[in-house]
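What follows is one structure encoded as structure tokens, with my remarks underneath.
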Amino acid sequence: MYRLHIANKNYSSWSLRPWLLMRELEIPFAERLTPFDAGSSWASFRAFSPTGKVPCLIDGELAVWDSLAIVEYLAERHAGVWPEDSAARAWARSACAEMHSGFSALRGECPMNCGLRVRVTTPSTPLRHDLARLEELWQQGLEAFGGPFLAGEAFSAVDAFFAPVAFRVQGFELALGPSARDYVERLLARPGMQDWYRAALAEPWRDEPHEREALAAGEWLADHRCAP
């Protein structure tokens with residue numbers, strides 16, 4: 001059975017992507033969660049990951065690191081990771097790659113923190129640009145392939161790659177149009193997302209750098225997590 005090494009569910013957006021994909025596609029795996037250390041987690045994570053980062057998928061003696069590489073590895077072995085239609089598949093891969101390398105303002109100014117609620121008081125120009133591009137991209141996929149997911153009827157890797165954005169929209173009250181907001185709600189309602197969210201709220205750990213990043217975004221509203 002696969003082993004998927006991840007970090008704190010409250011913070012680790014990159015861990016969420018392959019975890020959710022495998023859950024939604026019913027690909028069996030054993031979860032191995034190692035919390036972030038104070039300061040650097042490199043030494044702890046190097047015990048299972050060549051880069052000292054998460055996520056990392058272990059298949060027998062083979063380690064596959066980086067979310068995008070894990071997705072492609074799974075696609076060689078399991079149906080449904082990418083859409084069957086070639087045009088939808090090409091679009092989905094392009095959108096995943098854009099998420100993987102882009103949206104830096106969204107990631108930097110609104111880091112994933114499942115439990116916190118923070119109102120962004122003054123969105124920066126780069127953040128507004130990222131949100132506009134996000135809406136444009138999602139609308140393109142939903143219209144071209146018919147929804148309800150980004151590349152068609154079935155949940156696939158491209159939806160998993162944007163799943164952390166749904167938690168960011170929820171946590172930072174980010175303004176989106178009706179179509180994008182509906183898609184966020186569909187993601188948040190997925191069974192895997194609900195399970196991840198409940199586990200994130202129950203975690204006792206707090207990582208101060210992640211906390212400071214989230215609270216710097218604007219006005220603190222609420223913390224739905226259990227007491228540390």
Side-chain angles (χ1 to χ4, degrees), residues 1-6 9 12-31 49-51 53-60 62-104 106-107 112 130 133-169 176 179-180 182-196:
M1 180 184 289
Y2 298 120
R3 296 197 315 276
L4 182 66
H5 289 272
I6 64 173
K9 290 181 177 176
S12 187
S13 59
W14 290 108
S15 295
L16 170 59
R17 293 176 167 101
W19 186 97
L20 181 64
L21 180 66
M22 295 173 81
R23 279 291 305 273
E24 292 294 318
L25 297 186
E26 299 183 346
I27 300 172
F29 69 98
E31 174 190 308
S49 172
T51 61
K53 297 179 180 179
V54 290
C56 184
L57 183 74
I58 305 298
D59 185 12
L62 177 66
V64 185
W65 62 95
D66 188 278
S67 295
L68 197 53
I70 292 170
V71 165
E72 292 293 5
Y73 184 77
L74 293 172
E76 295 175 351
R77 290 156 178 78
H78 303 276
V81 172
W82 297 114
E84 292 186 8
D85 177 75
S86 60
R89 188 165 61 249
W91 183 90
R93 281 193 163 112
S94 297
C96 281
E98 182 175 354
M99 181 72 251
H100 193 269
S101 62
F103 296 98
S104 58
L106 176 61
R107 293 202 309 266
M112 193 174 87
D130 275 0
R133 173 55 185 157
L134 188 71
E135 289 202 69
E136 178 183 53
L137 183 65
W138 286 358
Q139 191 66 31
Q140 182 184 41
L142 292 168
E143 289 183 355
F145 308 113
F149 297 104
L150 289 181
E153 295 182 356
F155 184 99
S156 67
V158 67
D159 302 291
F161 258 67
F162 285 98
V165 175
F167 283 136
R168 287 179 164 97
V169 171
L176 296 173
S179 178
D182 287 348
Y183 174 64
V184 165
E185 294 302 322
R186 286 196 293 278
L187 283 181
L188 292 173
R190 299 302 302 170
M193 288 284 277
Q194 291 286 305
D195 288 346
W196 180 280

> Between Ile6 and Trp196, does a side chain to side chain contact (heavy atoms under 4.5 Å, CB included) hold up when you go through it step by step?
Replying inline: CA-CA 12 Å; Ile6 64 173; Trp196 180 280; 4.1 Å; yes

> Hey, mind stepping through Phe167 and Leu188 against side chain to side chain contact (heavy atoms under 4.5 Å, CB included) and telling me if it holds?
Replying inline: CA-CA 8 Å; Phe167 283 136; Leu188 292 173; 3.8 Å; yes

> What are the two closest non-hydrogen atoms of Ala166 and Met193, and how far apart are they?
Replying inline: CB-CE, 4.1 Å

> Val158 and Met99: side chain to side chain contact (heavy atoms under 4.5 Å, CB included), yes or no, with the steps?
Replying inline: CA-CA 9 Å; Val158 67; Met99 181 72 251; over 6 Å; no

> Taking side chain as C-beta onward, heavy atoms only, is Leu176 less than 4.5 Å from Tyr183?
Replying inline: no

>> So Glu72 and Val64, do their side chains get closer than 4.5 Å, heavy atoms only?
In response: no

>> Holding to side-chain hydrogen bond (donor to acceptor under 3.5 Å, both in side chains), I want the full list of residues that pass it with Ser104, two or more places apart in sequence or in another chain.
In response: none

> Residues two or more places apart in sequence or in another chain: which of them pass salt bridge (charged side-chain N to carboxylate O under 4.0 Å, His left out) with Glu136?
Replying inline: Arg133

>> Rounded to the nearest 0.5 Å, what separates atom CG in Leu187 from atom CZ in Phe162?
In response: 10.0 Å

>> Looking at Gly102, is its backbone amide N or carbonyl O close enough to the side chain of Arg107 to form a donor-acceptor pair, meaning the two atoms are under 3.5 Å apart?
In response: yes

> In chain order, what residues pass the side chain to side chain contact (heavy atoms under 4.5 Å, CB included) check against Gln140, with sequence neighbours excluded?
Replying inline: Trp91, Leu137

>> Looking at every non-hydrogen atom in both residues, tell me the closest pair between Gly192 and Arg23 and how far apart they are.
In response: CA-NH2, 4.4 Å

>> Using only atom types and a distance under 3.5 Å, with no angle test, would you say the side chain of Asp159 pairs donor to acceptor with the backbone of Leu150?
In response: yes

> From Leu25 CG over to Leu20 CG, what is the distance, rounded to the nearest 0.5 angstrom?
Replying inline: 9.0 Å

> Any side-chain heavy atom of His100 sitting closer than 4.5 Å to one from Trp14?
Replying inline: yes

> Stepwise, does the side chain to side chain contact (heavy atoms under 4.5 Å, CB included) test hold for Val165 with Trp138?
Replying inline: CA-CA 12 Å; Val165 175; Trp138 286 358; 3.9 Å; yes

> When rounded to the nearest 0.5 angstrom, what distance separates CZ in Phe103 from CZ in Phe161?
Replying inline: 12.5 Å

>> Measuring from atom CG of Leu106 to atom CZ of Arg168, what distance do you get when rounded to the nearest 0.5 angstrom?
In response: 5.5 Å

> Between Pro18 and Leu57, is any pair of side-chain heavy atoms under 4.5 Å apart?
Replying inline: no

>> Test of understanding: with side-chain hydrogen bond (donor to acceptor under 3.5 Å, both in side chains), list the residues that count as partners of Glu31, not counting sequence neighbours.
In response: Lys9, Trp19

> If you measure from CH2 on Trp82 to SG on Cys96, what distance do you get to the nearest 0.5 Å?
Replying inline: 3.5 Å

> Residues two or more places apart in sequence or in another chain: which of them pass salt bridge (charged side-chain N to carboxylate O under 4.0 Å, His left out) with Glu84?
Replying inline: none

>> Please check this pair: side chain of Arg89 against backbone of Pro83, looking for a donor-acceptor N/O pair closer than 3.5 Å.
In response: yes

>> Donor-acceptor check, side chain of Glu153 to backbone of Pro148, threshold 3.5 angstrom: yes or no?
In response: no

> Excluding sequence neighbours, so at least two apart, what forms side chain to side chain contact (heavy atoms under 4.5 Å, CB included) with Ala63?
Replying inline: Pro50, Cys56, Ile58

> What's the shortest heavy-atom distance between Ala160 and Leu21, and which atoms?
Replying inline: CB-CB, 4.0 Å

> When rounded to the nearest 0.5 angstrom, what is the spacing between OG in Ser15 and NZ in Lys53?
Replying inline: 12.5 Å

> Nearest heavy-atom pair of Gln139 and Ser179: which atoms, and what distance?
Replying inline: OE1-OG, 2.9 Å

